[in-house]
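It should be emphasised that the depicted structure is a prediction, and the values quoted were computed from it without experimental measurement.
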Amino acid sequence: MNNANRRDDGNELRRTPGFATPWRRLALGAVLALLATACGRDPPEQRLRESVAQLQAAIEQRDAPALQEWLADDFVGPEGLDREGARRLAVGSFLRYRQLGVTIGPLDVAMRPEHATVRFTAALTGGSGQPLPEAARVYEVETGWREQDGDWRMTSARWTAKL
């Protein structure tokens, strides 16, 4: 045995046969790259919950175009409400109330591949900016969502007045 394979204490170095071959290094690199890619993307449910929060923020910020961006092109709501009708409904509410508040209860999320249903209770308040709102309503809400190119878009909404 030559001296290059011995440690300082004279014992033989042990090598794992073939571990450092180029193919194994390439395979290990590919596996690590896949894991890094998979870990770098939020899970679908987390992204959906973030979408619901951003939709809520768009309403509170009185931003009808931002609200409309979260609705799928084929969105349908109560009584045939479509995407453009939802935007007009929001604009009407924004004109009526200077301040809007949306408080959403815990989300009940049912995930399916590329689709989801989200149920929650929503308390809506509106007012002219005084300490107490002029109007308040509580609704039971059920929304349908579809994942498109990694983004969630609302496809349907139904609500029923609770109080």
Is there a path from [X] to [Y] through hydrophobic residues (I, L, V, M, F, W, Y) whose side chains come within less than 4.5 Å of each other?
| X | Y | result |
| --- | --- | --- |
| Leu89 | Met154 | yes |
| Tyr97 | Ile59 | no |
| Leu100 | Val141 | no |
| Val118 | Val102 | yes |
| Phe120 | Leu67 | yes |

Could you measure the distance from the [atom1] atom of [X] to the [atom2] atom of [Y]? Nearest 0.5 Å is fine.
| X | Y | atom1 | atom2 | value |
| --- | --- | --- | --- | --- |
| Arg112 | Thr117 | CZ | OG1 | 4.0 Å |
| Ser156 | Asp74 | OG | CG | 9.5 Å |
| Leu71 | Leu81 | CG | CG | 8.5 Å |
| Arg119 | Leu107 | CZ | CG | 12.0 Å |
| Trp152 | Arg49 | CH2 | CZ | 12.0 Å |
| Glu134 | Arg98 | CD | CZ | 9.5 Å |

* Side chains of Glu50 and Gln46: donor-acceptor distance under 3.5 Å anywhere? ->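 Short answer, yes.
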Distance-minimising heavy-atom pair for [X] and [Y]:
| X | Y | answer |
| --- | --- | --- |
| Tyr139 | Trp159 | CD2-CD1, 3.8 Å |
| Pro65 | Asp63 | CD-OD1, 3.2 Å |
| Ala72 | Arg83 | O-CD, 3.3 Å |
| Val91 | Ala64 | CG2-CB, 3.6 Å |
| Pro78 | Ala157 | CD-O, 3.2 Å |
| Trp70 | Ser51 | CZ3-OG, 3.3 Å |

* Asked: Is it the case that more than 12 heavy atoms not belonging to Glu60 sit under 6.0 Å from its CD atom?
  -> yes
* Go through Arg153 and Arg146 one step at a time and tell me if the side chain to side chain contact (heavy atoms under 4.5 Å, CB included) criterion holds. => CA-CA 5 Å; Arg153 297 290 180 248; Arg146 178 177 55 235; 5.7 Å; no
* Asked: Thinking salt bridges, do Arg87 and Glu84 make one under a 4.0 Å N-O criterion?
  ->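 Yes, Arg87 and Glu84 are salt-bridged.
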* Asked: Hey, does the side chain of Arg158 reach the backbone of Glu140 with a donor-acceptor pair shorter than 3.5 angstrom?
  -> no
* Does a side-chain heavy-atom distance below 4.5 Å link Thr121 with Val138? ->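 Thr121 vs Val138: side chains touch.
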